[in-house]
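Lettering of chains follows the sequences in order, A, B, ..., and the numbering in each one begins at 1. The figures that follow rest on heavy atoms only: side chains count, while hydrogens, waters and symmetry mates do not.
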Amino acid sequence: MRIKLFGVFAHLARASELTVEVETPRPIREILREVVPRYDEFPDKIIMVNGKPASDETLASNEDEIKVLPVLSGG
Amino acid sequence: MKGWWGKILRINLSEGRVKAQDYPPEAALSFIGGRGLAAKILWDEVKGVDPLGPNNKLVFACGPFNGLPTPSGGKMVVAAKSPLTGGYGDGNLGTMASVHLRKAGYDALVVEGVARRPVYIYVEDGNVNILSADGLWGKTAFEAEKSLKEVHGRNVGVLSIGPGGENLVKYAVIVSQEGRSGGRPGIGAVMGSKKLKAVVIRGSKEIPVADKESLTRLNQEAYNAVLNSPSYSFWRRQGTMAALEWCNENSALPVRNFSDGVFEFARSIDGYAMEGMKISQRGCPYCNMTCGNVVLDAEARESELDYENVSLLGSNLGLGKLNEVSVLNRLADELGLDSISLGGVIGFVMEAKERGLIKDPEAPEFGDFKKARELVLNIAYRRTDLGRQAAEGVKRLSERVGGKEFAMHVKGLEVSGYNCFAYPAMALAYGTSSIGAHHKEAWVIAWEIGTAPMEVERRQAVRYSVSYNPEKAAKVVELQRLRGGMYEMLTACRLPWVEVGLSIEYYPRLLEAITGVKYSWDDIYRAADRVYALIRAYWVREFNGRWGREMDYPPERWFTGGPKSGPFKGQHLDRSEYDKLLSEYYRLRGWDERGIPRRETLENLNLGFVIPDLEKYVELN
């Protein structure tokens, strides 16, 4: 699957785009925990799967495109 | 009383009179400080006056957090009846003047009357002098502060206006420390109307605190929590500038006078582009997550950037070079103009030019940096016909040249950096903000995109659509209670909580350590609701009761057309759905269908004193 990371998530993962292979569909949270250090310390985040709002409990497979954005305050 | 001095310094410039006035402890307990105190003073004392006349009052209000070691607690509220909107106007800025005002022994400074010649005020604890500013008048805010510090030393807090305030530009702000500014709805113009160039404060007293040991411990804990946050290191890199990429990704960026939400040159003006230009970082007192990113602009001068000014003076004007955007931003700061409203006004001029409503050859088109730069100067100095008209703000300008359908304001205050074709909750936040279209009170858009409940069909299909849900109104109220209420009363910066996740539970605990008064969350929410109802009553009274729910509508543009590109292309808000959200908001607030607080609500919030006056203008439900 293709993972696009924004803001602090890209900073922590040291990458803005990643490709991850999974054998069977896995919850997005499990994948992001491996990719983004301290991922669990973020109570809120915006997750999109194939352009659709989702949660990090959603199962994702290799064909999916995932976007992970932080929740900002806007100053 | 601990934590509050219970004293307001009052200065009448017409008479040259100075007085330290006690105010009742009940007012401190009920309104806490900052915005709460300012709203109470304006309700009691500033009624039916010309905002730029001698009877308007300029309020500099602090809260219990100020002058004490608290997380990012170096803020101050500046307030007055607004010359831009005609209603309640305020803003906050981080400044050493907040620290010094409190250390001088006051919770607030109120300036009234008009000086005959330009003056500045110098406060040193109990000594107050009104001094000539003849030699400062005409200088930029940066130059004025520099000169004043040469005379009074560096250990002072300085608040000043630039030529924008002197020339009564309706969206002039008050500036401090080369880049901090506050008072979007023309509070700088009110200061200019009083011929007051600057306020310089030096305080040396110890603020009485209920439990100093707890305060020190809690502050240290909070300070460390900020440093250890997983968001901290990226925050230090980009600060609020990270929002540019974020908004562009979510079709929420203001592009070419809000006609679009996605900018083709976003990458050239975003946080990453800024990082490549950054030379230093500035911030407010008592802050360990400073957010002022300083870059060198196209004229080799320092300019302090954040998201709001880059989006409004960049993508909103079709400008894709960050060093040019930085020039406009630095000029706004030096001249004492609000960068958000300035970007809104110039964006409107550009679209009016494109549509043939403005034919002036001096008017810039989208993407024209040179003419935009010239227009900034013409606005600040009120020269040329276009400059004078643009100095009046988008609402008045659109009434004069036409184009109300693309005039981006609420209640006369220009919209800040979020384009809401697809975001009804954020539109509601703009519609119901206490001062007009400002985001600080309820930045609900991230919640709306990421976590708001979605209609079933939206869950199932890959489809971008506008989603309404009554919970959105509840979320706006919740955020207003915290951001527009608690933080504005304390007076503290909300960014440690919202940006790096500092636990919000620190705030009532810190408040108790400072004042000795235990505020439950219910008490804080009630205080916030009291302030919102009082500010709403103020608007209704100052509009002579000519008030209806349409005052809480977002700009017409968001109900028609939709963005020109991106996944939300062509989608826009629906008026009847928005109306339903607005009614739900009123119901939660205890306001009637006109948006006026009900009698019972006012009584429950201990605002009974408002009723007799308000009833002279409207019948209360």
Kindly compute the distance separating CD (B:Glu448) from CD1 (A:Ile46), expressed to the nearest 0.5 Å.
10.5 Å

Under 6.0 Å from the NZ atom of B:Lys278, do we count more than 12 heavy atoms belonging to anything else shown?
yes

Expected output: side-chain B:Trp246 to main-chain A:Pro70 donor-acceptor under 3.5 Å:
yes

Worked verdict on B:Ile449 versus A:Val71 for side-chain contact (heavy atoms from CB on, under 4.5 Å):
CA-CA 9 Å; B:Ile449 291 168; A:Val71 173; over 6 Å; no

Quick check: closest heavy atoms across A:Ala10 and B:Tyr272, and the distance to 0.1 Å?
CB-OH, 4.3 Å

Heavy-atom distance under 4.5 Å to chain A: side chain of B:Ser233, backbone, both or neither?
both

Interatomic spacing from OG in B:Ser231 to CD in A:Glu41 - rounded to 0.5 Å
9.0 Å

Distance from A:Arg38 atom CZ to B:Asn228 atom CG, nearest 0.5 Å?
7.0 Å

Could you look at A:Tyr39 and say if it's the side chain, the backbone, both or neither that has a heavy atom under 4.5 Å from chain B?
neither

Which is it for B:Glu499 and A:Val8 under the side-chain contact (heavy atoms from CB on, under 4.5 Å) test, yes or no, and what are the steps along the way?
CA-CA 11 Å; B:Glu499 291 288 4; A:Val8 66; over 6 Å; no

Would one find more than 12 heavy atoms of other residues, nucleotides or ligands at under 6.0 Å from atom CD of A:Glu17?
yes

Distance from A:Phe6 atom CZ to B:Glu249 atom CD, nearest 0.5 Å?
3.5 Å

